[in-house]
Structure formats: structure tokens, C-alpha cells
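There's a structure below that I have some questions on.
Counting convention: from 1, in listed order, for ligands and their atoms alike.
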Amino acid sequence: MKIERILPFARTLLTSAVNEGDTVIDATVGNGHDTSFLAKLVGASGHVYGFDIQDEAIQNTSERLAKQGIEQQVTLIKDSHSRLKKHIPTHLHGNLTGAIFNLGYLPGGNKKIVTLSTSTIQAIEQLIELLAPEGIIVLVIYHGHEQGQIERDDVLHYVSNLDQQIVHVLRYQFINQQNNPPFIVAIEKR
Ligand code: SAM
């Protein structure tokens with residue numbers, strides 16, 4: 001298949017916006033796959049700030065990074081991404097080049113603990129402010145579970161109304177697949 005699938009495309013977008021030495025955000029670290037990807041992308045001279053509200057996610061991610069010897073490139077923060085801005089040093093405001101959200105629940109964890117539209121939207125709002133020009137926020141939206149459908153609708157409503165003078169908003173989605181596969185919303189700051 002020539003059309004890029006959802007998860008690889010999320011990484012293609014991040015790779016296009018993020019360079020070695022940059023500072024980026026993983027807003028939902030979970031088991032740390034994206035945190036590790038971002039840490040390698042920014043390298044030893046860059047930095048990743050990773051957020052999750054669950055101890056289990058912080059622990060799993062911390063172990064994954066340590067195994068790969070890249071833990072010094074990452075700061076893991078056990079807090080909601082809705083309070084993201086206060087954890088990012090002021091001199092980095094306006095300088096972040098990338099951020100990723102994988103919405104939904106922790107794979108292998110408690111399926112009742114999910115991302116929620118109010119905090120997701122608060123985090124996006126702050127990130128738009130913190131991004132550098134041409135910085136990108138990638139949201140991978142999982143809408144197979146009940147709360148996920150509410151979050152999908154609320155997030156789509158919010159991003160569709162963002163000012164086009166400030167951001168470009170893309171939706172990337174296979175529209176003939178069964179069982180609500182995830183799709184991407186990408187927001188690029190102008
Ligand atoms: N990208 C991850 C990976 O590579 O394994 C998967 C992330 S998982 C789909 C979603 C994560 O978001 C869960 O670990 C959950 O605890 C976390 N989460 C839920 N609400 C959150 C919030 N308000 N702030 C930060 N993380 C949150």
C-alpha cells in the first residue's frame with residue numbers, strides 16, 4: 001500500500017517538523033513508544049517533556065528509556081497535560097517544534113482511565129501558544145470506545161474553529177475501514 005498508514009504518518013509529520021537539539025512534548029506517554037521515538041529524534045542535545053497521569057505509564061516509560069540509554073533526554077512529569085505550560089521553562093515558550101497525543105487508554109492498563117476532551121483541548125490551547133512557527137501538534141484519535149467518541153467530536157469541533165491565520169489543521173483518515181480505526185489531526189502553527 002502506497003498511502004501511509006496512521007501511526008507511520010504521525011511519525012512522518014513529527015520528523016518533518018522536529019530537528020536534533022529541539023524541545024518537544026509527549027502529552028500522553030503511556031508505555032513510552034512515542035517518547036522513545038521523540039527522544040531519538042531530538043538526540044542528546046534536545047529534550048522531551050513527557051506527561052501522564054498514571055504511575056504505571058510513568059514507570060513503563062522510564063524503564064523503556066533506561067533500557068535504551070536515552071533517559072537523560074527526557075523529563076517525565078506525572079501530571080495532566082492540561083497543566084502542561086507551567087512545567088515548561090519560560091525560555092522554551094514559543095520554541096517547541098513538536099508534540100504528540102495518543103488519545104484513549106493505556107494499552108494493557110485500566111481501560112476506564114482515558115483522555116477526556118476538556119483536558120485535551122486545554123492542552124492543545126497551551127501548546128499552540130508554546131509552539132515555534134511551523135511547529136506541529138499531532139493527535140492520534142482513538143474513537144472505538146464510548147468516551148472516545150465524545151472526545152473525537154469535541155476535539156474536532158474545537159480544532160475546526162481555530163483561526164486559519166494562526167494554524168493549519170489537517171485531518172488524515174481512512175474512511176472505508178471497519179471498527180473505528182484511529183485517525184490523525186495535525187495542527188501546524190503558522
Ligand atoms: N503513546 C503511548 C504509547 O506509546 O504507549 C500510548 C498512550 S495511551 C493511548 C493514553 C495515555 O494517556 C494513558 O497512559 C493515560 O494514562 C494518559 N492520560 C489520560 N489522561 C491524561 C491527561 N489528562 N494528561 C496526561 N496523560 C493522560
Atom indices of ligand 1 within 4.0 angstrom of Val29 heavy atoms, with elements: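 Answer for ligand 1: 1 (N), 2 (C), 3 (C), 4 (O), 5 (O).
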
What orientation do Phe183 and His143 show, parallel under 30°, tilted 30 to 60°, or perpendicular over 60°?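 Judged by the thresholds at 30° and 60°, the geometry between Phe183 and His143 is perpendicular.
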
Is there a polar contact, in the sense of an N or O pair closer than 3.5 Å, between Asp26 and ligand 1? no

Quick one: does Tyr142 get a heavy atom under 4.0 Å from ligand 1? no

Could you check atom 26 (N) of ligand 1 against the protein and tell me its nearest heavy-atom contact, residue, atom and distance included? Asp52 CA, 3.5 Å

Within 4.0 Å of some non-hydrogen atom of His33, the atoms of ligand 1 are 3 (C), 4 (O), 5 (O)

For atom 27 (C) of ligand 1, the protein heavy atom that lies nearest, with its residue and separation: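 Heavy-atom neighbour on the protein nearest atom 27 (C) of ligand 1: Ile53 CG1, 3.8 Å.
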
Could you find the nearest protein heavy atom to atom 5 (O) of ligand 1 and give me its residue, atom name and distance?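 Here the closest protein heavy atom is Asn31 N, 2.8 Å.
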
Between Val42 and Thr23, does a side-chain contact (heavy atoms from CB on, under 4.5 Å) hold up when you go through it step by step? CA-CA 7 Å; Val42 299; Thr23 303; over 6 Å; no

Check each atom of ligand 1 against the heavy atoms of Gly32 and keep those under 4.0 Å away; list them by number with element.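 Near Gly32, meaning under 4.0 Å from one of its heavy atoms, ligand 1 has 3 (C), 4 (O), 5 (O).
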
Would you mind reporting whether His157 and Asp154 have side-chain heavy atoms less than 4.5 Å apart? no

Could you list which atoms of ligand 1 come closer than 4.0 Å to a heavy atom of Leu103? 9 (C)

Could you check atom 24 (N) of ligand 1 against the protein and tell me its nearest heavy-atom contact, residue, atom and distance included? His81 N, 2.9 Å

All side chain to side chain donor-acceptor pair (under 3.5 Å) counterparts of His33, not counting sequence neighbours: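 Side chain to side chain donor-acceptor pair (under 3.5 Å) list for His33, sorted by chain: Arg64.
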
Side chains of Gln122 and Gln126: donor-acceptor distance under 3.5 Å anywhere? no

Start with the C-alpha distance between His87 and Tyr49, add both sets of side-chain angles, then the distance that settles ring-ring contact (aromatic ring centres under 6.0 Å, His included), and finish with yes or no. CA-CA 9 Å; His87 293 285; Tyr49 288 88; 8.9 Å; no

For Thr115, atoms of ligand 1 separated by under 4.0 Å from a heavy atom: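 Near Thr115, meaning under 4.0 Å from one of its heavy atoms, ligand 1 has 12 (O), 18 (N), 19 (C), 20 (N).
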
Would you please determine whether Ala123 falls within less than 4.0 Å of ligand 1 on a heavy-atom basis? no

Kindly indicate whether the side chain of Gln149, heavy atoms from C-beta on, has any atom under 4.5 Å from the side chain of Asn180. yes

Can you tell me how far the CZ atom of Arg83 sits from the CZ atom of Phe51, to the nearest 0.5 Å?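 Those atoms lie 10.0 Å apart.
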
Heteroatom distance test (Ser80, ligand 1): nitrogen or oxygen, under 3.5 angstrom: yes

Taking atom 1 (N) of ligand 1 as the reference point, the nearest protein heavy atom with its distance: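 Looking at atom 1 (N) of ligand 1, the protein heavy atom closest to it is Asp34 OD2, 3.1 Å.
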
Taking Lys189 for the side chain and Gly135 for the main chain, is one N or O donor matched with an acceptor at less than 3.5 Å?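 No; zero donor-acceptor contacts below 3.5 Å.
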
Return the residue, atom name and 0.1 Å-rounded distance of the protein heavy atom closest to atom 7 (C) of ligand 1. Thr28 O, 3.4 Å

For ligand 1, which atoms, with element, lie under 4.0 Å from some heavy atom of Gly104?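 Listed by number with element: 10 (C).
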
Among all protein non-hydrogen atoms, which one is nearest to atom 8 (S) of ligand 1, and what is the separation to 0.1 Å? Tyr105 O, 3.4 Å

Donor-acceptor contact present, side-chain Thr97 to main-chain Val24, <3.5 Å: no

Ligand-residue contact atoms, ligand 1 with Ala27, heavy atoms, under 4.0 Å: 25 (C), 26 (N)

What protein heavy atom is closest to atom 10 (C) of ligand 1, reported as residue, atom name and distance in Å? Asn102 O, 3.3 Å

Flag side-chain contact, heavy atom, 4.5 Å: Leu38 against Val74: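 Side-chain contact under 4.5 Å: no.
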
The criterion is side chain to side chain donor-acceptor pair (under 3.5 Å); which residues satisfy it with Gln72, sequence neighbours excluded? none

Quick one: which ligand 1 atoms are inside 4.0 Å of a heavy atom on Gln54?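 Once the distances to Gln54 are compared, the set is 15 (C), 16 (O).
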
